[in-house]
Amino acid sequence: MSSGASGSARTRYAILGCGSVGHAVAEELTERGKDVLILDRDESRVEALRDQDLNARVQDIAEPDVVDELADRDIVLILASDVEANKAAVSAVRETGGDHYLVARASDPVSEDELRERGADVVINPSTVIADSALQSLETGELEYMARQLAEIIEEGGDRMAILTHDNPEPDSIASATALQAIAEAFGVDADIIYSGDVGHQENRAFVNLLGIDLLARSEAPPLAEYATVAAVDLAKAAAEDLDLDASVDIYLDHLEAEVPFDARFVDVRTNVSSTSTILTKYLQEFDQSPSEAVATALLYGIRAETLDFKRDTTPADLTAAAYLHPFANHDTLEQVESPSMSPETLDVLAEAIQNREVQGSHLFSTAGFIRDREALAQAAQHLLNLEGITTTAVLGIADDRIYLAARSKDIRLNIGNVLDEAFSEMGDAAGHSTQGSLEIPLGIFTGIEASGENRDTLLHLTEEAVRRKLFDALGVEGGSGDGSNGS
C-alpha cells in the first residue's frame, strides 16, 4: 500500500474487472466522491467507462503485472465474473507483499474458501447476496402484510379487547400485553390485560408497580365472551383447553410454538426471536408508533429478562429491537426493577434452602419446606446457582397441597426444562427451557397421605426424598440415597 496513506488521507479504491457488478460498485463509489481506478482487459468496455468520465485502464487482472497498477491504491475490489482471474489477482497482490485490503468475488462455496486461503480479506458471492436481499425484502413485506391483518382485526372487532397473559405472568408476557394494549388504543380500542394466578416474583411486582401497568385478575374480569376481541400473548406452554376460555381467541402472538396450536384468526409465532417483546416492538415500528416511556421500558425489560440480559439465545432481531427501545426507556426505572428489596418470606425461603442443601457433583438440591410464596423458590434457585462449583440447582417447596420445584442451570450441556419434563411430565406440569424450569405436582402423587399438622414433617421428608431421587436419576448423578454433602 502506498506510504502516502494515513488516517487523514483520502482512501483510494481500485476495481478489477468491471462487468455489471463492478460497474454498479464503481458508480456508487464515484457518486460518494471516492477516488476510483478501474482495471479491465476489455478495451471497448474501458473506452465506454472513460466516456462516462470514469478513471479506467486496460489491464488483464490475471497477469502478475496487475500489481504495478495498484501501488497507490488502498482498497482493491476484485469483481470479475471470471473467478480464476480473481484468484490470480489475489495471489499476485499477496505474493508481492501487498497489504491492500482485498474484497474478492466468488461463484460458489469452494471458490469462497480458495479466495480466503489466497489472502482475500472479504469474499462476496453474488448469489448469496441476492438471496439474502430477497429474504430480507420478503421478511419486510411479510411483516407489512401481517401488520395490516392485525390492524383490521383490531379495528373491526369493536371497542373492547381482552389481552390474556400466561398464568403467574413474567416480564415478557406482561410487556407484550402492554405493547398490544398501546397498539389497540392507537386504533381507538380499549384493552384490558387479564391474568390468572399471581404476580409473585418481587422483580415482577416491582416491574408492574413502577411502570403503573394495570393488570386485571381473571376472577375479577368480565367473562371473555363480553369482549369484542380476545388476544393472547406468550402462552406457548398452555393449551387452549387449559385456559378455561369461554370465547374464541382472535389474536395469538408468541415466540415459541404452543404444545397445542391455538386456533385463532390471526397467529404470529416467530421462533427465530427470543422474546415476544421483540415481536411487539417490530409491530410498533411497522405501525410507526413511537412507544411511550412506560411501554418502551416494559418491552426492553421483557427482552432483557427473556434473554438473561442478552446472554441466552439472543438473536439479531432481539438486539435491534432493544437498540430501538433504548432511547425511549427510563433506565432509572429499569435499575429499580432489577434491584428490588427482598421480602421476609423470600429471605426465609432462601435461608431454608441454604441450610438444607444437598450437593452431588455440580448439582444442588434443596428443600424450603412449607411455603406461602412459591415465587420465592425461583429466587432461591437463582441465588444458589452463584455458589462455587454449582451448575444446576433445584429448590422444592409445598403449598396448597401441591409440590412446587424451581430449577436453574448454567450447564451448556443440559436443558433443565427437558430434564424436568422427561422425569415428571406423567405426574405433574413441567415447563422450562435450557436454563430454567418449574414443576408442579399434586402432593398425594408421592405419599398417598393428606397434609395435616400431625404428619407435616413426615410428609415433607417423603416428598423431598422421592423428588430428589427422581431428579438426580434424570440428571444421571448419584443422589437417591440422600448421602450427598451440603456443600459446606
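What you see below is based on every heavy atom in this structure, not just the backbone, and it leaves out hydrogens, waters and symmetry mates.
In this view, T281 satisfies the side chain to side chain donor-acceptor pair (under 3.5 Å) rule with no residue, not counting sequence neighbours. Listed by chain and residue number, nothing satisfies the ring pair (Phe, Tyr, Trp, His ring centres under 6.0 Å) test with Y283 (two or more places apart in sequence, or in another chain). Taking the salt bridge (Lys or Arg N to Asp or Glu O under 4.0 Å) definition, one finds that D159 meets it with nothing, sequence neighbours left out. For D190, there are no side-chain contact (heavy atoms from CB on, under 4.5 Å) partners at least two apart in sequence or on another chain. Qualifying salt bridge (Lys or Arg N to Asp or Glu O under 4.0 Å) partners for D429, counting only residues two or more places apart in sequence or in other chains: none. Residues satisfying the side-chain contact (heavy atoms from CB on, under 4.5 Å) test with V103, not counting sequence neighbours, are L77, Y101, V122, I124. Every side chain to side chain donor-acceptor pair (under 3.5 Å) that E293 has, sequence neighbours left out, goes to N330. Evaluation of the salt bridge (Lys or Arg N to Asp or Glu O under 4.0 Å) rule for E114 yields K87 as partners, not counting sequence neighbours. For F287, the ring pair (Phe, Tyr, Trp, His ring centres under 6.0 Å) partners at least two apart in sequence or on another chain are F187. Shown here are the salt bridge (Lys or Arg N to Asp or Glu O under 4.0 Å) partners of E388, two or more places apart in sequence or in another chain: there are none. Judged as a side chain to side chain donor-acceptor pair (under 3.5 Å), and not counting sequence neighbours, S173 has no contacts.
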Query raised in the report: Would T178 and L211 satisfy side chain to side chain contact (heavy atoms under 4.5 Å, CB included), going step by step from the backbone distance to the final call?
Result: CA-CA 10 Å; T178 302; L211 292 176; over 6 Å; no
Query raised in the report: Run the side chain to side chain contact (heavy atoms under 4.5 Å, CB included) check on Y301 and T333 step by step: do they pass?
Result: CA-CA 10 Å; Y301 182 59; T333 299; over 6 Å; no
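A heavy-atom distance below 4.5 Å is not found between the side chains of T229 and I154. In this structure the side chain of L49 reaches within 4.5 angstrom of the side chain of C18, judged on heavy atoms. Counting heavy atoms from C-beta on, the side chains of E352 and V395 never come closer than 4.5 Å.
Ion pairing between a basic and an acidic side chain is recognised when a charged N comes within 4.0 Å of a carboxylate O; R265 and D250 show such pairing. A salt bridge is absent between E152 and R148; no separation between the charged side-chain nitrogens and carboxylate oxygens falls under 4.0 Å.
The list of ring-ring contact (aromatic ring centres under 6.0 Å, His included) pairs with a residue in residues 397-416, not counting sequence neighbours, is empty.
The shortest heavy-atom contact between I441 and L439 is CD1-CD2, 3.6 Å.
Between the side chain of D254 and the backbone N or O of V269, no donor-acceptor pair lies under 3.5 Å. With hydrogens and angles ignored, the 3.5 Å screen pairs a side-chain donor or acceptor of N125 with a backbone N or O of S127.
The environment of CG in D214 is sparse: at most 12 heavy-atom neighbours from other residues, nucleotides or ligands sit within 6.0 Å.
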